Amino acid sequence: GLHIANSGNVGIGTSSPDSKLDVRGSINKIVYLRPSGGSNDDQPQIQAAIDALPDEGGIIVLTGGTYNIGDTIAISRNGVKLRGYGGNQK
């Protein structure tokens, strides 16, 4: 849970934070991507985002649009999540 000490320090996962923000446990990294547009290949930006995630993984959010995938996307560890937001594309 969240704890705010009398000192003003904020703890997440601890009731006795040692600094202004003290987080005990893992933090999910979230990366938002947009399609490149046109006939551009979006695979390199998606793969680079996956590869840049920490060892415990994270979330890649593909915002609305059309993504062109010209090659394989490799997910080589656990904890990697791809999420997409669709919408009416014309």
Side-chain angles (χ1 to χ4, degrees):
L2 178 71
H3 178 80
I4 302 174
N6 291 335
S7 64
N9 291 351
V10 176
I12 300 174
T14 178
S15 59
S16 55
D18 297 327
S19 57
K20 290 290 179 194
L21 178 60
D22 189 347
V23 179
R24 310 279 172 97
S26 346
I27 299 174
N28 275 336
K29 180 174 182 178
I30 301 175
V31 178
Y32 290 85
L33 299 178
R34 297 177 190 267
S36 299
S39 61
N40 295 322
D41 186 359
D42 292 299
Q43 184 275 344
Q45 75 163 331
I46 296 169
Q47 189 65 60
I50 291 169
D51 294 344
L53 290 173
D55 290 340
E56 60 272 6
I59 301 168
I60 307 294
V61 178
L62 304 176
T63 60
T66 300
Y67 291 82
N68 296 310
I69 309 297
D71 202 355
T72 301
I73 294 174
I75 300 174
S76 58
R77 62 182 175 273
N78 292 327
V80 175
K81 300 170 188 77
L82 295 178
R83 294 187 180 163
Y85 288 98
N88 292 335
Q89 301 297 316
K90 297 185 186 211

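All of these numbers come straight from a predicted model, not from anything done at the bench.
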> Q43 side chain to I73 main-chain N or O, any donor-acceptor pair under 3.5 Å?
Replying inline: no
> Which of these passes side-chain contact (heavy atoms from CB on, under 4.5 Å) with L82: I50, V61, I59?
Replying inline: I50
>> Once salt bridge (Lys or Arg N to Asp or Glu O under 4.0 Å) is applied, what residue pairs with a partner in residues 7-17 remain, sequence neighbours excluded?
In response: none
> Got a sec, which pairs hit salt bridge (Lys or Arg N to Asp or Glu O under 4.0 Å) with one end in residues 12-22, sequence neighbours left out?
Replying inline: D18-R24, D22-R24
> In chain order, what residues pass the side-chain hydrogen bond (donor to acceptor under 3.5 Å, both in side chains) check against R77, with sequence neighbours excluded?
Replying inline: none
> Under the salt bridge (charged side-chain N to carboxylate O under 4.0 Å, His left out) test, which residues partner D51, sequence neighbours left out?
Replying inline: none
> With sequence neighbours excluded, what pairs up with L21 under the side chain to side chain contact (heavy atoms under 4.5 Å, CB included) test?
Replying inline: V10, I12, V23
> Heavy-atom count around L2 CG within 6.0 Å, excluding the residue itself: above 12?
Replying inline: yes
> Considering all heavy atoms of both residues, which atom of I69 and which atom of D71 are nearest to each other, and what is their separation?
Replying inline: CG2-O, 3.2 Å
> What residues form a side chain to side chain contact (heavy atoms under 4.5 Å, CB included) with S15, not counting sequence neighbours?
Replying inline: H3
Show me, pair by pair, the donor-acceptor contacts under 3.5 angstrom made by side chains of residues 29-40, not counting sequence neighbours?
residue	atom	partner	partner atom	Å
S36	OG	D42	OD1	2.7
N40	ND2	G37	O	3.1

>> Checking R83 now: which residues fulfil salt bridge (charged side-chain N to carboxylate O under 4.0 Å, His left out) with it, not counting sequence neighbours?
In response: none
> To the nearest 0.5 Å, what is the distance between NZ (K81) and CD1 (I75)?
Replying inline: 11.0 Å
>> D55: which residues meet the salt bridge (charged side-chain N to carboxylate O under 4.0 Å, His left out) condition with it, sequence neighbours left out?
In response: none
> Got a second to check how far I46's CD1 is from Y67's OH, nearest 0.5 Å?
Replying inline: 6.5 Å
